[in-house]
Amino acid sequence: MASVSELYDVGWEEMRDKLRKWREDTNRNSEQIVDVGEELICEHGSKLGDDIWIIYEQVMIAALDCSRDDLAWTCLQELKKQFPDSHRVKRLSGMRLEALERYEEASKHYDQILQDDPTNTAARKRKISILKAQGKMADAIRELNEYLEQFVGDQEAWHELSELYINEHDYGKAAFCLEELMMANPHNHLYCEQYAEVKYTQGGLENLELSRKYFAQALRLNNRNMRALFGLYMSASHIAASPKVSAKVKRDNVKYATWAASQINSAYKLAGRGTKENKCSVKTVEEMLESMQITMS
Amino acid sequence: MPIKLTTQAYCKMLLHAAKYPHCAVNGLLVAEKIKEKKKDGQPVPILCVDCVPLFHGTLALAPMLEVALTLIDTWCKENRYVIAGYYQANERTKDYRPNQVAEKVAARIAENFSETAIVMVDNSRLTMSCFEPIVAIYDHHEQKNWKSREVDPDCFEDWCEAQKITSALLEGRNYESLIDFDNHLDDLRNDWTNPEINKSVLHLC
């Protein structure tokens, strides 16, 4: 099989920079990371300088994702040689055991780290991941709640908890987690939009109105967020169709829904320009919006 | 009458699961609208000719699912298809039973199509070669229960072809170019009908 550098005509510096970009974006594109990282380490390891250690860590985790225990083991050994007493490397050992489904041993690994350093958040979070992997959702939720009482500012943890609650259909508690995230990140349109989706799913007129407001807020923060646009259309349509609302509320929501529909149409037309296949999409969306308008009025 | 899967439907389901190994994925199965039953009273098996990959990650939220169902329903009407089933691959490897999300979506589909089936992918048996069918098919029985049925090569239009082509596409990493509805919402130019993958499947037939 051709090497990455041959296939894409890139040099080792570009490969290194690509790996850095993926680290910063926290993408989980593990197969690509393994392809690029393995070649970089094997062919150009000596040129990387101190960057090589963080690349070993990144490639090791990606290798675990791809069941490449051989590669993961190699990276781990190099890191162990260089940083023999490091908790960070010990955590990677634990992750390898998790990947091999040796959960008891992995848990002991993390307990050893926590004995040495009770504030080690990484080890605590790995223990919670083990519970999740074993399907012990109630336990994972309980532990994560306890963790967050101590480490109230951990965004990643709040987001993980909101997802756990959504999967358990506990939308009220998921909304609470997203509220924490929105408070800490008021300009993040994704949290607004997810909050709106949770409220919509919870159902009921009050939650629908809240969801519409937050879809609108997400759009204000990023007017290209299609989920927010569709969400605004759906929530406003449902409110307008509800028999419990006053004539004024109905009128207002019909206005919002109509505006959203025209924006959706424009977005599709813009996307469809130039491609034959997408013309079908434009037409489909128009028809869908028309048929929903009929049920609404 | 139980559903049958074509190569294209089976293949794209597995490609979807392979593209997001760390997430739950789901999607819809579509069948051609049949007009008559066979003359001797034997019902014609419903052939699921295609599937539309929907979401990956969090499956339990309503708004985008509603949008997808409505949009795909409209598309189906234009192409003489009908939404006939739902597939899902859970997040955890060993978890292959239909959950509340699967049952709810299937119930919604069943409002328009009485023979709706749920297809669950068995993640633990997903390999490059896929020598056996790795799906479980659930049909609706009374008392709102979903019962799984024995899956054998008869559940496919052509199992040998399905196995060969799926294996070839998995090895060729074609799942990297599979588009689901989530990808479409990220960028409207992404086409959830996956014409390129459909072409590849046809090409290999």
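In what follows, chains carry the letters A, B, and so on, assigned in the order in which the sequence lines appear, proteins first and then strands, with residues in each chain numbered from 1.
Counting non-hydrogen atoms of neighbouring residues, nucleotides and ligands closer than 6.0 angstrom, the CZ atom of B/R97 reaches no more than 12 such neighbours. Within 6.0 Å of atom OH in B/Y96, 12 or fewer heavy atoms from other residues, nucleotides or ligands are found, so the atom counts as exposed in its surroundings. Around atom CD of B/E171, more than 12 heavy atoms belonging to other residues, nucleotides or ligands sit under 6.0 Å away. In B/H203, the NE2 atom is not crowded: 12 or fewer heavy atoms of neighbouring residues, nucleotides or ligands sit closer than 6.0 Å. With a 6.0 Å radius and a threshold of 12 heavy atoms from other residues, nucleotides or ligands, A/F176 has its CZ atom at or below the threshold.
For chain A, no part of B/P21 is nearby; none of its heavy atoms comes within less than 4.5 Å. Residue contact with chain B, scored on non-hydrogen atoms closer than 4.5 Å, involves the backbone of A/A133 exclusively. If you measure heavy-atom distances from B/K77 to chain A, you find no contacts under 4.5 Å at all. Heavy-atom distances place both the backbone and the side chain of A/E197 under 4.5 Å from chain B. Interface residue A/E101: only side-chain heavy atoms are found under 4.5 Å from chain B. Heavy-atom distances place the backbone of A/Q134, and not its side chain, under 4.5 Å from chain B. Both the backbone and the side chain of B/D182 come within contact range of chain A, with heavy atoms under 4.5 Å apart.
With a 4.5 Å cut-off on side-chain heavy atoms, A/M226 and B/H184 do not count as touching. Annotation: side chain of B/L188 is not in contact with side chain of A/R224 (no heavy-atom distance under 4.5 Å). A 4.5 Å side-chain heavy-atom check between A/Y171 and B/L61 finds at least one atom pair inside the cut-off.
Within the model, atoms NZ of B/K104 and NE2 of A/H169 stand 6.0 Å from one another, a figure rounded to the nearest 0.5 Å. In this structure, the separation between CZ on B/R189 and CG on A/L270 is 8.5 Å, given to the nearest 0.5 Å. A distance of 9.5 Å separates OG1 in B/T70 from CZ in A/F230, rounded to the nearest 0.5 Å. Atom CD of A/E193 and atom CE of B/M64 lie 5.5 Å apart (nearest 0.5 Å).
In terms of heavy atoms, B/H22 sits closest to A/R28 at CB-CZ, 3.4 Å.
Between chain B and the options A/N225, A/T201, A/L229, A/V198, heavy-atom pairs under 4.5 Å are most frequent for A/T201.
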